[in-house]
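Both ligands and their constituent atoms are indexed starting at 1 by order of listing.
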Amino acid sequence: MSWLTALYFIPLLGIPAKAVNNGLARTPPLGWNNWYSTYCDVSEDLILETSQLLVDTGLLDLGYKYVVLDDCWAEEERDNTGHWRADLTKFPNGMKYVADTLHDKGLLFGMYSSAGELTCAGYPGSLNHEKEDAEDLASWNVDFFKYDNCYNLGQSGTALISFNRYKAMGDALNATGRPMVYSLCSWGEDQVHTWGMSIANSWRMSGDIYNSFTRPDALCSCDDERDPQCIAPGTHCSLLFVLNHVSAYADKARPGAWNDLDILQVGIGGMTDEEEKAHFALWAALKSPLLLGHDLRVSNAKSLTIANNPAILALSQDPSTKAALLVQRDTNVPKDKYGVGETHVWSGGLAHGDQVVILLNMANENQKISVSLEEIFVRDGAGGIAAQNHHDWDVYDLWADRMSDNDAQSILDAADQSAREQLFQKLNWYNSTRIPYSEGLKMRDPRLLGKKVSMISAQGILEVDVSRHAAQVFRLRNVDDSNLKRRVAIKDEL
Ligand code: GAL
């Protein structure tokens, strides 16, 4: 085989293309971002109170460690040396104090700017100020940097123009020597899914999400959201829009470089519990960063029991790092008043030969959704040739062991740290700082695997009733996995 032919085969063997090499975000970042709860109403108190709540409610133990401060933290003018000035009415002790306080709690600190003249809310952006801004971030001990796309002075329109604009900041961040997760927010413009992974740890792939499951909106529109060229840099993108939009390049996710489906809408209101559960599981299986977007100071028990489900978080933090792909889409189903309605099946490979399968009902009525093993494992070989198609599978429901509302309420109400610790002990809740997800999965920790509910025979079909606007989320485990495990292991090594 010539070297040219050999190169051609490399992607088929599953060897990932080179991703950004800063060693960070090897699994998708977990944390919180203030934008959807407080918008420009930001302050030191908000960040520190929220950080303490992440610790107290056990979310840090589950891996939520990035606390990201979005727009509106700066003064409107730079100082006379061209450096940013933090708004001292909002952050009286400056930004480094915030970062250091978070670090003392075991958390990490994220900040925001725009690759433009101004940020979206009109504060100084970093275009042509990359060096001094990266230096400021490093001197404040920042760990994560979100880089937006507003006021870009027309420097967009081709992949190369946008790439260069975002690379300038990536280079400046690297030059500081401080490791910072680099999170692009160019709204999917200029085919960011083809170049984001070379310079950054994640890239937003659409305009801003909003808390609607399916409602289309003029602010987030294009003729066919499944067309990778469709650009919707607006706001009010529904979950359905985001999912369809990312479906054409969900496979671009890889260690250190993730499709960012935007901040979670769980707990914000406006969606039902079933819609929020579906949303959370899909974002986890698609390997989006999972940044909680609700106000933790008024958190309710139900939102906590969505965010703290270790069996779903284990999909996000699975060491195989493959994202789930859309393997079935049916649009011939009852539509809602907007003329929208479809069902999806998403399927993705997990470590140890397991598979996540999500049956999603975005139709306007309850639906029976069927999917064959052939479709579930199509990524491993079309036409039923995948080895997995010839095995029996146990089906585990990943929401079955969700924490009860009562227990979640007791955590929220606990008087002090020792009361909380007793509760977590009593509940035997998963703690990823003690047992990382990769270890828990290797040991087959039952808290990560859900509850067995059925079985699929070789070459069989999974058929499930799914309520309107809901998803069923399953982990498939090979019933008799000795042969297959060996094959999957060999493939993973390749
Ligand atoms: C948008 C961005 C949002 C938020 C906002 C702040 O462009 O997509 O996530 O950061 O700006 O002004």
Side-chain angles (χ1 to χ4, degrees), residues 28-29 31-43 46-47 50 66-76 84 86-87 90 109-127 133 137 142 144-156 162 165-166 169 180-190 192-193 196 200-212 217 219-222 225 230-239 241-242 245-246 258-268 279 283 288-295:
W32 176 84
N33 173 304
N34 74 280
W35 184 246
Y36 284 91
S37 56
T38 68
Y39 296 94
C40 274
D41 187 9
V42 294
S43 66
L46 167 72
I47 299 299
T50 303
Y66 289 95
V67 178
V68 182
L69 166 63
D70 213 282
D71 207 344
C72 309
W73 57 267
E75 287 283 1
E76 282 180 12
W84 269 325
D87 182 335
K90 297 173 179 169
F109 185 41
M111 286 186 69
Y112 161 101
S113 180
S114 179
E117 185 181 24
L118 300 172
T119 69
C120 297
Y123 295 88
S126 300
L127 188 62
D133 290 356
L137 294 166
V142 168
F144 177 113
F145 181 58
K146 171 174 173 179
Y147 203 32
D148 213 336
N149 197 21
C150 279
Y151 297 99
N152 61 30
L153 302 179
Q155 292 185 37
S156 66
S162 284
R165 185 162 47 94
Y166 281 92
M169 192 58 170
M180 285 181 252
V181 170
Y182 186 28
S183 154
L184 308 185
C185 181
S186 61
W187 316 317
E189 282 190 10
D190 293 339
V192 62
H193 61 279
N201 297 106
S202 64
W203 54 92
R204 272 273 302 281
M205 37 56 61
S206 78
D208 292 11
I209 194 172
Y210 83 140
N211 57 340
S212 172
D217 193 286
L219 290 175
C220 178
S221 64
C222 52
E225 70 254 37
C230 139
I231 294 174
T235 55
H236 282 198
C237 295
S238 71
L239 271 63
F241 181 96
V242 171
H245 199 39
V246 79
W258 310 105
N259 279 304
D260 180 353
L261 278 60
D262 210 353
I263 298 163
L264 289 161
Q265 302 298 296
V266 172
I268 286 180
H279 169 35
W283 263 231
S288 172
L290 296 179
L291 297 185
L292 298 167
H294 64 296
D295 191 338

Give the residue and atom name of whichever protein heavy atom lies nearest to atom 8 (O) of ligand 1, and the separation in Å to one decimal.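 Of every protein heavy atom, Asp208 OD1, 2.5 Å lies nearest to atom 8 (O) of ligand 1.
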
Tyr166 and its ring-ring contact (aromatic ring centres under 6.0 Å, His included) partner, picked from Tyr182, Tyr147, Trp203: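 Passing option: Tyr147.
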
Numbering as shown, the atoms of ligand 1 that approach [X] to under 4.0 Å (heavy-atom distance):
X      : answer
Trp187 : 7 (O), 8 (O)
Cys185 : 2 (C), 8 (O)
Cys120 : 1 (C), 7 (O), 11 (O), 12 (O)
Lys146 : 3 (C), 4 (C), 9 (O), 10 (O)
Asp71  : 6 (C), 12 (O)

Under 4.0 Å from ligand 1, counting heavy atoms only, is it the side chain of Cys72, its backbone, both or neither?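 No part of Cys72 comes within reach of ligand 1.
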
Just how far is it from atom CE of Met180 to atom CZ of Phe145, taken to the nearest 0.5 Å?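 Rounded to the nearest 0.5 Å, the CE-CZ separation comes out at 8.5 Å.
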
Could you check whether any side-chain N or O of His236 sits under 3.5 Å from a backbone N or O of Tyr210, counting only pairs where one atom can act as donor and the other as acceptor?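 The answer is no, because no donor-acceptor pair under 3.5 Å joins these two groups.
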
Taking side chain to side chain donor-acceptor pair (under 3.5 Å) as the cut-off, I'd like each qualifying pair that reaches into residues 116-126, sequence neighbours left out, listed once.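 Every side chain to side chain donor-acceptor pair (under 3.5 Å) pair that includes a residue of residues 116-126, provided the two are not neighbours, is Asp71-Thr119, Ser113-Ser126, Ser126-Asp133.
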
Fit a plane to each ring of His245 and Phe241, take the angle between them on a 0 to 90° scale, and name the class: parallel (under 30°), tilted (30 to 60°) or perpendicular (over 60°).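 His245 vs Phe241 ring planes: tilted.
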
Nitrogen or oxygen atoms of Arg204 and ligand 1 under 3.5 Å apart: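 Among all N and O atoms of Arg204, at least one is under 3.5 Å from an N or O of ligand 1.
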
Considering Val68, Asp148, Asp70, which one's heavy-atom position lies nearest to atom 1 (C) of ligand 1?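 Among Val68, Asp148, Asp70, the closest heavy atom to atom 1 (C) of ligand 1 comes from Asp148.
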
Side-chain donor-acceptor pair under 3.5 Å between Asn33 and Tyr66, yes or no?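 Not at all, the side chains of Asn33 and Tyr66 share no donor-acceptor pair under 3.5 Å.
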
Indicate yes or no: at least one non-hydrogen side-chain atom of Lys90 is less than 4.5 angstrom from one of Leu46.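 With C-beta onward as the side chain, the pair stays apart.
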
